[in-house]
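Heads up, the thing below is written out as structure tokens.
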Number of protein chains: 2
Amino acid sequence: MSAPSERLAPRAWRGYFEGSRLLENELERRMKTATGLDLGDFNVLLVLSEAEGCRMRMGDLARQLAFAPGRLTYRIGALERDGLVAREASAADRRGTDAVLTGAGRTRLRTARPVHARHVEELFLGGLDDEALAVLDRVFGPLRSRLLDDCRDAPEPPR
Amino acid sequence: MSAPSERLAPRAWRGYFEGSRLLENELERRMKTATGLDLGDFNVLLVLSEAEGCRMRMGDLARQLAFAPGRLTYRIGALERDGLVAREASAADRRGTDAVLTGAGRTRLRTARPVHARHVEELFLGGLDDEALAVLDRVFGPLRSRLLDDCRDAPEPPR
DNA sequence: TCCAATTCTTTCAAATTCGAACGATCAGTG
DNA sequence: CACTGATCGTTCGAATTTGAAAGAATTGGA
């Protein structure tokens, strides 16, 4: 018998859905005007910077960013033209390509990261108490893991 | 001195950011295959259905959906071709256009809504307890309101 | 070893989205 | 009333994203 959920769930969902979209738009806008980087490209650099040797297989990168494969190819192409990322043939698997963060990429990221952190703090984290942070961590962490796993296991949906 | 926040905040943010993006992708994918509607178009219909007289000014609709104006024009054009939405000149302001939900639009929404609700339940709400729902509501509701207000007041960002 | 199925990335065309500019209308002021 | 600046929605070209297909390489089993 979960009485409060029934009333709360729809409202919580709508608030979350619309709020998170507005938040992402605003972060995108600020990132672009403040650093000249797309939020998407920033995340490419960020995820790469955290990988072993600042390099990652295209496929893994695409999955973690929730990018369609063609999109990542296109985006890495742009970052490569700007010198922020390089492509290298994958050592183990000749089909594969690694995206590698360049020195310029690291520098660019070093500049952009604190700016983005400030935006996130101002728009979102700054208003949260410890309970909220704990809930977010406990809710979205597992959600993220689960959805990541799903798209590894299920290239084709069952049935 | 808010000790836990310092450790928790970055992880909570990453989980939230990546998780919410993966979630939206999955909802989009399922909505499209299950009902043939974009998640974006579905939301257009949904928001319209909740408005007075199932009609709304283009601008208000765009703001609530976090759509750029040109995007809404394009999207309403598609929905109009499908007969789900109609355009009518706004009564009070001759510059304005109202988007109006048609009967077919209502019918389509009636079909799609429970499907979407099931997806949301399966992927997200189903895993949440009352505390999580309460926190989401308390965090994202105000965030949404604040960001909506901001884009009304501040066509140009102050400094 | 050879083959078929699978995986990985890219390519390509079509659809979508963005950003700036535009024409039309409105509101406030003189 | 005329004027100025703001607002509204659309349009337009460019950039991006998608989804499907192709090409290259790997894998596992016969």
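Bear in mind the structure is a predicted one, so any value in this text is a computation, not a measurement.
- Residue A:T73 is classed as a base contact, given a heavy-atom separation below 4.0 Å to a base.
- B:L72 places its CG atom 14 Å from the C1' atom of C:dT16, with the value rounded to the nearest Å.
- Centroid-to-centroid, the aromatic rings of A:F17 and B:F124 stay 6.0 Å apart or farther.
- If you take CE of B:M58 and C1' of C:dA24, they are 16 Å apart, rounded to a whole angstrom.
- Residue contacts for A:R71: at a heavy-atom cut-off of 4.0 Å it reaches a base atom on one of the strands shown.
- Look at CG on B:D93: it is 8 Å from C1' on D:dT7, rounded to the nearest Å.
- Across all strands shown, A:G70 has heavy atoms under 4.0 Å from base atoms, whether or not it also approaches the sugar-phosphate.
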Legend entry - Residues A:R29, A:E26; criterion salt bridge (Lys or Arg N to Asp or Glu O under 4.0 Å); working and verdict: CA-CA 5 Å; A:R29 202 183 61 70; A:E26 184 62 14; 2.8 Å; yes

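- Residue B:D38 contributes atom CG, which lies 13 Å from atom P of C:dA15 at whole-angstrom precision.
- B:R29 places its CZ atom 12 Å from the P atom of D:dA20, with the value rounded to the nearest Å.
- Listed pair B:R87 / D:dG9 fails the phosphate criterion, with no side-chain N or O lying under 4.0 Å from OP1 or OP2.
- In this structure, A:R108 does not pair ionically with A:D41, as no charged nitrogen and carboxylate oxygen lie closer than 4.0 Å.
- The distance between atom CG of A:L65 and atom P of C:dT9, rounded to the nearest whole Å, is 13 Å.
- Distance B:R21 CZ to D:dT17 C1': 13 Å, rounded to the nearest Å.
- Put simply, A:R94 has no side-chain N or O that comes within less than 4.0 Å of OP1 or OP2 on D:dA24.
- Nearest heavy-atom pair across A:L22 and B:R144 is CD1-O, 3.8 Å.
- Comparing B:N25 and B:D98, the nucleotide of DNA chain D nearest to each residue sits closer to the 5' end for B:D98.
- Between B:K32 and A:R95, the residue whose closest nucleotide on DNA chain C is further toward the 5' end is A:R95.
- In terms of phosphate contacts, B:R57 brings no side-chain nitrogen or oxygen within less than 4.0 Å of OP1 or OP2 of D:dC8.
- Atom CD of B:E28 is separated from atom P of D:dT17 by 14 Å (rounded to the nearest Å).
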Inset, instruction - Evaluate the criterion salt bridge (Lys or Arg N to Asp or Glu O under 4.0 Å) for residue pair B:R63 and B:D60; output intermediate values, then yes/no. - result: CA-CA 5 Å; B:R63 259 186 301 278; B:D60 295 331; 2.8 Å; yes

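- A:Y74 comes within 4.0 angstrom of a nucleotide base, judged by non-hydrogen atoms across all strands.
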